[in-house]
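Here the structure is laid out as structure tokens; the discussion comes afterwards.
Every chain is numbered from 1 and lettered A, B, ... according to where its sequence line falls, protein lines coming before strand lines.
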Protein chains: 2
Amino acid sequence: MKKIDIYKKLRSSGLRPTKQRVEIAKFLFEREKTFHFTVESLNKLLTKKINSKFALATIYNTVHSFKAAGHLSEVEVRGNKTYFDTNVSNHHHFYDSETSELIDIDASDIVIQKIPKAPNGKKIKNVEVFINLKN
Amino acid sequence: MKKIDIYKKLRSSGLRPTKQRVEIAKFLFEREKTFHFTVESLNKLLTKKINSKFALATIYNTVHSFKAAGHLSEVEVRGNKTYFDTNVSNHHHFYDSETSELIDIDASDIVIQKIPKAPNGKKIKNVEVFINLKN
DNA sequence: TTTTCACTTTAGAATTATTATAAACTAGAA
DNA sequence: TTCTAGTTTATAATAATTCTAAAGTGAAAA
């Protein structure tokens, strides 16, 4: 993804392309594979990659802006930290609690045959499958 | 569940039946339906029910002991707080983000037809399905 | 029954993740 | 170039949880 595309991506979602947002967006979206991270891990990786350091609050702000804009999804994982995923399509996850690692599973790789009705006046928003791993 | 059974339950899992543990166990396990709670909600409910108040650390200690003994399971839910469930059998959940409410789904009510293989040297520990609800 | 001690409880401090605040900064329109 | 709303930043505040160390207590042994 070129710099111009990053700018477009930000602008089209109402986010002013600031230096920080562009750097973080480049880091997150210029990759082949999907990327899973926490704010802490992202902060460490960014500090290592670029010489300048951003305020932690900026990482939080940016990640939340990206999520609100639909460029990141949040993954619920047992534990204290919040995980984010650059894969925003409907999909599922393996979770390896030994390494705290998430691995994407394509939506088409899980087929559910039987599913219960939503209770009372509710509707089903989406279905998330977690496959927990062991050694 | 009678007091004698609570004592058995605690003893058989290596937990000394202290006043606090017995009270909390009675509150959690003397019910028909499964019960979902956070440490905060449990603390509030306990304070209301019994006139004496336990230290918050005791609630944490006890809940974690019960979990380690297999009497409670932990449910991953998007958000900051940790949810526990008195249903320790293999099952799934509806999650209503509007009310932060969890509802059990019996394992037999969800049938998965196709599932991917575990990566590299890993094995599947268990599969958890979350059905997120909307209005 | 009394003694003893490892296990528990407790209050409060410490830690960790996250959000709020308010001042300084900046992208980009005018 | 100026102006301003939106952004970044350092720091404080909050919230959930864990740690600590002293006081308390089941229950085994004497």
Side-chain angles (χ1 to χ4, degrees), chain A residues 3-4 6-27 36-47 50-69 71-72 74-84 100, chain B residues 3-4 6-27 36-47 50-69 71-72 74-84 100:
Chain A
K3 197 157 197 171
I4 187 98
I6 294 282
Y7 274 64
K8 268 188 197 163
K9 184 167 196 156
L10 293 176
R11 281 238 175 69
S12 66
S13 42
L15 297 170
R16 223 157 59 176
T18 63
K19 182 168 56 106
Q20 291 84 345
R21 282 177 180 161
V22 171
E23 281 290 353
I24 296 175
K26 279 172 68 180
F27 185 79
H36 298 100
F37 62 95
T38 64
V39 167
E40 189 202 20
S41 72
L42 176 60
N43 187 38
K44 271 188 194 157
L45 291 168
L46 281 172
T47 311
I50 60 182
N51 19 18
S52 58
K53 198 183 178 324
F54 301 148
L56 192 57
T58 301
I59 316 275
Y60 275 99
N61 289 342
T62 304
V63 162
H64 285 144
S65 304
F66 287 1
K67 188 199 162 192
H71 303 317
L72 289 175
E74 197 178 325
V75 187
E76 82 247 39
V77 174
R78 213 184 293 274
N80 38 342
K81 283 179 209 160
T82 303
Y83 281 70
F84 293 91
S100 299
Chain B
K3 197 154 198 172
I4 186 98
I6 294 281
Y7 275 65
K8 268 188 195 162
K9 184 166 198 157
L10 293 176
R11 281 238 174 67
S12 65
S13 43
L15 297 172
R16 226 159 56 177
T18 63
K19 182 167 55 101
Q20 291 82 347
R21 281 176 180 162
V22 171
E23 282 291 351
I24 297 175
K26 279 172 68 181
F27 185 78
H36 298 100
F37 62 95
T38 64
V39 167
E40 189 202 20
S41 72
L42 177 61
N43 187 39
K44 271 189 196 158
L45 290 169
L46 281 172
T47 309
I50 59 182
N51 19 18
S52 56
K53 198 182 177 327
F54 302 147
L56 192 57
T58 300
I59 316 274
Y60 275 99
N61 289 342
T62 304
V63 163
H64 285 142
S65 304
F66 287 1
K67 188 199 162 191
H71 303 316
L72 289 175
E74 198 177 326
V75 187
E76 82 249 37
V77 173
R78 213 184 292 273
N80 36 343
K81 284 179 208 160
T82 303
Y83 281 71
F84 293 91
S100 298

Next on the checklist: Distance check needed: dG6(D) P versus R11(A) CZ, whole Å only.
Outcome noted: 15 Å

Checklist entry - So do T82(A) and E74(A) actually touch side chain to side chain, heavy atoms under 4.5 Å? => result yes

When you compare the protein's N or O atoms with those of nucleotides 14-17 of chain C, which come within less than 3.5 Å of each other, and at what distance?
from    : atom 1 : to     : atom 2 : distance (Å)
dA17(C) : OP1    : K81(A) : NZ     : 3.2

Checklist outcome for this item: Residue pair V39(A)/K19(B) against DNA chain C: nearer the 5' end by closest nucleotide is K19(B)

Item to check | Nearest listed nucleotide, side chain of P17(B), among dA27(D), dT11(D), dG12(C) | outcome: dA27(D)

Next on the checklist: Does any part of the side chain of E23(A), heavy atoms only, come nearer than 4.5 Å to the side chain of T18(A), both counted from C-beta?
Outcome noted: no

Checklist outcome for this item: Closest to the 5' end of DNA chain D, once L15(A) and L56(B) are matched to their nearest nucleotides, is L15(A)

Checklist entry - Once you round to the nearest 0.5 Å, how far does NZ of K8(B) lie from CD1 of I6(B)? => result 12.0 Å

Item to check | Separation of atom CZ in R21(A) from atom C1' in dA27(C), rounded to whole Å | outcome: 11 Å

Next on the checklist: Is the shortest side-chain heavy-atom distance between T62(A) and F54(A) below 4.5 Å?
Outcome noted: no

Give me the distances for all protein-to-nucleotides 4-6 of chain C N/O pairs that come in under 3.5 Å?
none

Checklist entry - Over how many whole Å does the gap from N61(B) atom CG to dA16(D) atom C1' extend? => result 15 Å

Checklist entry - Atom NZ of K53(B) and atom P of dG12(C): how far apart are they, to the nearest Å? => result 12 Å

Checklist entry - Taking OP1 and OP2 of dT10(C), is either one under 4.0 Å from a side-chain nitrogen or oxygen of Q20(B)? => result yes

Checklist entry - Does a side-chain N or O from T18(B) land closer than 4.0 Å to OP1 or OP2 of dG26(D), or not? => result no

Checklist entry - Under 4.5 Å between any side-chain heavy atoms of F27(B) and L45(B), yes or no? => result yes

Item to check | Approximate separation, where rounding is to 0.5 Å, of F66(A) CZ and L10(A) CG | outcome: 5.0 Å

Checklist entry - Could you give the distance from OG (S41(A)) to CZ (F84(A)), rounded to the nearest 0.5 Å? => result 10.5 Å

Checklist entry - Which distance, rounded to the nearest 0.5 Å, do you find between the NE2 of H71(A) and the NZ of K9(A)? => result 5.5 Å

Next on the checklist: Rounded to whole Å, how long is the line connecting atom NE2 of H64(B) with atom C1' of dT8(C)?
Outcome noted: 16 Å

Item to check | Separation of dA11(C) P from N43(B) CG (nearest whole Å) | outcome: 11 Å

Checklist outcome for this item: Interatomic distance, NZ@K44(B) vs CG@L46(B), rounded to 0.5 Å, equals 13.0 Å

Checklist entry - Tell me: CD of E23(B) to C1' of dT8(C), nearest whole Å? => result 16 Å

Next on the checklist: How many whole angstroms separate atom CZ of F54(A) from atom P of dT9(D)?
Outcome noted: 7 Å

